Amino acid sequence: MSKHSKTNFISSCKIKDNAIAKVVAGTLTTIPANSTVRLPFTTFLFNSTKVNIAPNGGVPIEEDGEYFITFSAFFPNTVGTLTFSIFSPDFSGTALTGSGAANYSELVCLRKGDIVYVNVTNTGGLVTGILAGVLTVVKVED
């Protein structure tokens with residue numbers, strides 16, 4: 001792309017005021033043996049208008065529509081097995097997990113009022129160390 005055409009593109013590209021994009025992070029320092037805990041998303045990494053974090057750590061959906069959901073986590077390699085479940089009332093999925101990392105992405109239809117959560121299930125012994133996760137929820141343009 002020439003410098004001139006790149007400049008024209010950048011000046012014509014406008015972020016919509018009504019865009020809905022949420023990127024939140026959460027951490028856990030321990031996961032009890034043989035348990036399921038919710039990953040508490042408490043920190044905004046990026047937010048547009050119409051964005052909140054639910055008091056119980058989920059990401060509320062503000063408008064009906066199609067959303068691109070991604071989740072990534074990093075955690076200590078442990079003897080136990082960790083499973084990350086990403087869900088709302090209208091969908092559920094399981095992240096691919098291996099070597100201290102987990103990843104998930106999917107296009108899903110969500111309704112206003114849905115809340116997207118991530119649960120971590122530990123089927124082994126006590127897990128200690130920092131587990132960090134990032135959840136991204138972006139409404140796809142109509």
Side-chain angles (χ1 to χ4, degrees), residues 1 3 5-142:
M1 183 179 279
K3 182 177 179 181
S5 61
K6 182 177 180 182
T7 302
N8 288 340
F9 169 76
I10 291 172
S11 64
S12 67
C13 179
K14 303 289 183 206
I15 303 297
K16 293 184 175 186
D17 290 336
N18 61 349
I20 298 175
K22 311 169 190 195
V23 182
V24 293
T27 60
L28 292 169
T29 55
T30 61
I31 304 170
N34 302 308
S35 67
T36 297
V37 295
R38 180 164 293 151
L39 182 57
F41 293 104
T42 56
T43 304
F44 280 115
L45 299 179
F46 175 85
N47 65 316
S48 62
T49 60
K50 303 180 185 180
V51 175
N52 297 300
I53 296 177
N56 57 2
V59 176
I61 300 304
E62 304 295 333
E63 293 181 4
D64 292 350
E66 186 175 24
Y67 287 79
F68 183 61
I69 309 289
T70 65
F71 171 75
S72 295
F74 299 97
F75 52 91
N77 282 326
T78 63
V79 176
T81 301
L82 298 181
T83 302
F84 296 84
S85 302
I86 300 88
F87 66 96
S88 80
D90 292 319
F91 87 99
S92 66
T94 303
L96 296 174
T97 306
S99 299
N103 290 291
Y104 174 84
S105 61
E106 187 170 358
L107 280 171
V108 298
C109 290
L110 298 173
R111 292 183 279 201
K112 181 178 180 175
D114 286 352
I115 299 177
V116 179
Y117 297 105
V118 175
N119 279 350
V120 184
T121 301
N122 176 13
T123 57
L126 175 69
V127 174
T128 59
I130 298 293
L131 179 149
V134 176
L135 177 67
T136 303
V137 179
V138 178
K139 186 169 192 267
V140 178
E141 187 174 356
D142 294 330

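Values below: every heavy atom of this structure, side chains too, minus hydrogens, waters and symmetry copies. As the structure is a prediction and not an experimental result, all values here were calculated from the model.
- Side-chain contact between L135 and I69 is present, with heavy atoms from C-beta onward closer than 4.5 Å.
- Remark: side-chain polar atoms of T123 are paired, donor with acceptor, to backbone N or O of T81 under 3.5 angstrom.
- Residues meeting the ring pair (Phe, Tyr, Trp, His ring centres under 6.0 Å) test with F84, sequence neighbours left out: F71, F75.
- For S85, the side-chain hydrogen bond (donor to acceptor under 3.5 Å, both in side chains) test picks out no residue, with sequence neighbours left out.
- With sequence neighbours left out, I115 forms a side-chain contact (heavy atoms from CB on, under 4.5 Å) with A54, P60, Y117.
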Under 3.5 Å donor-acceptor pairs involving side-chain atoms of residues 31-40, not counting sequence neighbours:
unit_1 : atom_1 : unit_2 : atom_2 : d
S35    : OG     : P32    : O      : 2.7
T36    : OG1    : T121   : OG1    : 3.0

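- Proximity of I86 to F91: side-chain heavy atoms (C-beta onward) are separated by under 4.5 Å at one or more points.
- A distance of 9.5 Å separates NZ in K139 from CD in E66, rounded to the nearest 0.5 Å.
- Looking at heavy atoms from C-beta onward, L131 lies in side-chain contact with L82 at the 4.5 angstrom threshold.
- Atoms OG1 and CG, from T70 and L107 in turn, are 11.0 Å apart once rounded to the nearest 0.5 Å.
- In this structure, the side chains of I61 and V137 come closer than 4.5 Å at one or more pairs of heavy atoms.
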Got a list of side-chain donor-acceptor pairs under 3.5 Å for residues 93-105, not counting sequence neighbours?
unit_1 : atom_1 : unit_2 : atom_2 : d
T97    : OG1    : A95    : O      : 3.4
N103   : OD1    : S72    : OG     : 2.9
Y104   : OH     : E106   : OE1    : 2.2

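- Listed by first and then second residue, the salt bridge (charged side-chain N to carboxylate O under 4.0 Å, His left out) pairs that reach into residues 68-77 come to none, sequence neighbours excluded.
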